[in-house]
Number of protein chains: 2
Amino acid sequence: MSRPRDAAATKAALLDAATKLFGERGFDRTTVRDIASLAGVNQALLFRYYGSKDALFATVLATQSRELLEDSPAEHLLRNVLLRMMEEKPRREDHPLYAVLRSSHHDSAAEVVRRQLGEEYARALASLTDAEDAELRADLVLAWVVGIGVLRTVFGKQPLANADAATVASLVTQAASVLLEHTEPG
Amino acid sequence: MSRPRDAAATKAALLDAATKLFGERGFDRTTVRDIASLAGVNQALLFRYYGSKDALFATVLATQSRELLEDSPAEHLLRNVLLRMMEEKPRREDHPLYAVLRSSHHDSAAEVVRRQLGEEYARALASLTDAEDAELRADLVLAWVVGIGVLRTVFGKQPLANADAATVASLVTQAASVLLEHTEPG
DNA sequence: CCCCCATGTAAGCATTCGCTTACATCCGAC
DNA sequence: GTCGGATGTAAGCGAATGCTTACATGGGGG
């Protein structure tokens with residue numbers, strides 16, 4: 001009993017399985033045996049191709065965060081990220097940010113939030129206002145998105161989990177525009 | 001070498017240590033040995049007095065959430081909880097909500113968020129507006145508080161961690177009043 | 001054809017974890 | 001005083017975890 005010999009496919013299967021499981025359960029509650037099993041792969045191959053569970057997790061986060069912000073110009077960033085976070089069914093676990101939000105203790109996760117979201121995203125938002133405390137205001141808006149994601153996906157809060165994506169995006173952008181003293185187009 | 005024989009003090013020391021460690025590291029990354037060691041107590045006593053690690057965690061959450069909302073009338077709830085979440089130094093880990101936010105997978109944590117915050121808190125907020133989707137709007141405000149807490153404490157985001165509490169509370173209540181179509185007194 | 005290395009497998013090692021058990025010791029009731 | 005339960009201690013058990021090692025095997029290059 002042996003897999004077809006295709007290293008690339010094996011690596012990809014491991015990454016996909018890890019993405020799904022880290023997103024569902026977080027880092028601590030996902031075992032390398034679970035990942036290998038879901039991927040249909042011997043667990044020794046996980047270490048051959050990724051070195052360690054930590055390194056695999058870092059790869060998952062890097063892949064996800066690269067995908068998250070790549071195609072949103074500053075003015076539509078809030079709305080786009082919100083829509084993206086709302087659009088999936090509540091329990092679709094392989095969504096960007098889920099692994100991060102469910103693995104908050106892990107150094108890699110905290111680093112992604114601080115670096116990727118905390119700098120790039122916040123900078124884009126801060127550029128939308130010229131208020132004195134623009135940075136703080138941008139972080140407050142960022143906090144909102146994170147909080148919505150946490151309540152919806154991690155804690156399964158019902159009104160947010162069932163809400164219409166466009167309605168939420170509209171309400172949030174409306175209130176955020178007060179903070180940013182800025183009216184988003186669209 | 002033996003502790004003075006005081007069961008109540010031992011129970012309390014275990015609860016204090018557990019509160020601190022669960023808040024700092026979350027449920028998964030806190031071991032019963034760590035708790036007992038910090039409390040200066042033999043770990044077998046943890047099981048004698050609380051039954052299991054899960055039960056101890058549930059006790060911690062129940063104690064914290066009881067304290068959290070006990071003295072805030074509806075109109076000042078948002079501002080009060082915000083101030084309380086902002087008022088501590090960033091790394092003060094035995095603050096209410098921290099254990100919950102750092103242990104999002106645990107059933108007890110999710111239940112506390114849904115029941116305690118998601119019902120009592122959201123209901124109080126929803127009472128402040130008569131908009132059609134009052135419940136959703138209340139949850140959005142709740143999400144904001146949670147997001148601020150997550151970014152500040154779990155991820156250590158700098159602008160939020162250093163911000164002046166009154167400034168944050170003022171900005172948030174200002175934007176939230178747009179959502180709730182309501183002006184908070186004070 | 002056959003060699004050899006990339007790929008895959010099976011087994012297990014060392015550690016840590018939650019929890020239990022068996023025993024020592026203190027202190028109040030009588 | 002002594003007896004018995006409440007309190008504290010030491011040791012370790014069984015399971016799970018991340019990771020390693022030693023071995024099988026298939027398939028492409030010479």
Side-chain angles (χ1 to χ4, degrees), chain A residues 1-61 99 102-109, chain B residues 1-61 99 102-109:
Chain A
M1 172 143 183
S2 179
R3 290 177 55 80
R5 304 204 157 213
D6 184 337
T10 297
K11 275 192 75 168
L14 282 167
L15 189 66
D16 287 348
T19 301
K20 180 166 160 54
L21 292 180
F22 284 142
E24 283 178 7
R25 313 179 190 171
F27 181 84
D28 287 340
R29 300 207 166 180
T30 301
T31 71
V32 295
R33 284 170 174 80
D34 291 337
I35 296 171
S37 169
L38 180 61
V41 156
N42 189 290
Q43 59 153 330
L45 298 178
L46 187 156
F47 296 96
R48 168 134 54 214
Y49 291 128
Y50 292 96
S52 69
K53 184 189 176 188
D54 274 277
L56 174 57
F57 184 63
T59 303
V60 167
L61 294 190
R102 288 187 183 272
S103 311
S104 52
H105 298 288
H106 199 284
D107 291 342
S108 295
Chain B
M1 172 146 181
S2 180
R3 288 178 56 79
R5 301 206 158 214
D6 184 338
T10 298
K11 275 193 75 168
L14 282 166
L15 189 67
D16 287 348
T19 301
K20 178 166 161 58
L21 292 179
F22 285 143
E24 283 178 7
R25 314 179 190 170
F27 181 84
D28 287 339
R29 300 206 167 181
T30 301
T31 71
V32 295
R33 285 169 173 81
D34 290 338
I35 296 171
S37 168
L38 179 61
V41 157
N42 190 291
Q43 60 154 328
L45 298 178
L46 187 155
F47 296 96
R48 167 131 59 210
Y49 292 128
Y50 292 96
S52 70
K53 183 189 177 188
D54 274 275
L56 174 57
F57 184 64
T59 303
V60 167
L61 294 190
R102 288 188 185 272
S103 312
S104 53
H105 298 289
H106 199 283
D107 291 342
S108 295

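Per chain, numbering begins at 1; letters A, B, ... match sequence-line order.
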Tell me the interatomic distance from [X], atom [atom1], to [N], atom [atom2], rounded to whole angstroms.
| X | N | atom1 | atom2 | result |
| --- | --- | --- | --- | --- |
| B/L56 | C/dC17 | CG | P | 16 Å |
| B/F27 | C/dC17 | CZ | P | 13 Å |
| B/L46 | D/dT9 | CG | P | 14 Å |
| A/L14 | D/dC19 | CG | P | 14 Å |
| B/R29 | C/dC17 | CZ | P | 12 Å |
| A/Y50 | D/dG18 | OH | P | 17 Å |
| A/Q43 | D/dT17 | CD | C1' | 9 Å |
| A/L45 | D/dA24 | CG | C1' | 13 Å |

Side chain of [X] (C-beta onward), nearest among [options]:
| X | options | value |
| --- | --- | --- |
| B/T10 | C/dA10, D/dG8, D/dG26 | D/dG8 |
| A/F47 | D/dC19, D/dT17, C/dT20 | D/dC19 |
| B/R48 | C/dT7, D/dT9, D/dT20 | D/dT9 |
| B/N42 | D/dG8, D/dT9, D/dT17 | D/dT9 |
| B/K53 | D/dG18, C/dC19, C/dT25 | C/dC19 |

Has [X] got a side-chain atom pairing as donor or acceptor with [Y]'s backbone, closer than 3.5 angstrom?
| X | Y | answer |
| --- | --- | --- |
| B/S103 | B/F27 | yes |
| B/R102 | B/R25 | no |
| A/Y50 | A/K11 | yes |

Query raised in the report: Would you call B/V32 and B/F47 a side-chain contact if the rule is heavy atoms closer than 4.5 Å?
Result: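 They are in contact (side-chain heavy atoms under 4.5 Å apart), so the answer is yes.
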Query raised in the report: Between A/A44 and A/A7, which has a closest nucleotide on DNA chain C that is more 5'?
Result: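 In this pair, the answer is A/A7.
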Requested in this report: Check every strand shown and say whether A/Y49 touches a base, only sugar-phosphate, or nothing at a heavy-atom separation below 4.0 Å.
Outcome: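 Contact class for A/Y49: sugar-phosphate only.
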Query raised in the report: Between A/G51 and A/D34, which is nearer to the 5' end of DNA chain D once each is assigned its nearest nucleotide?
Result: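 Here A/D34 is the residue nearer the 5' end.
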Report task. Examine the base of C/dT16 for any acceptor or donor lying under 3.5 Å from a partner atom in the side chain of B/R33, and report the outcome as yes or no. Result ->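 For B/R33, whose side chain was compared with the base of C/dT16, there is no donor-acceptor pair (under 3.5 Å).
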Requested in this report: Evaluate the criterion side chain to side chain donor-acceptor pair (under 3.5 Å) for residue pair A/D54 and A/H106; output intermediate values, then yes/no.
Outcome: CA-CA 9 Å; A/D54 274 277; A/H106 199 284; 2.5 Å; yes
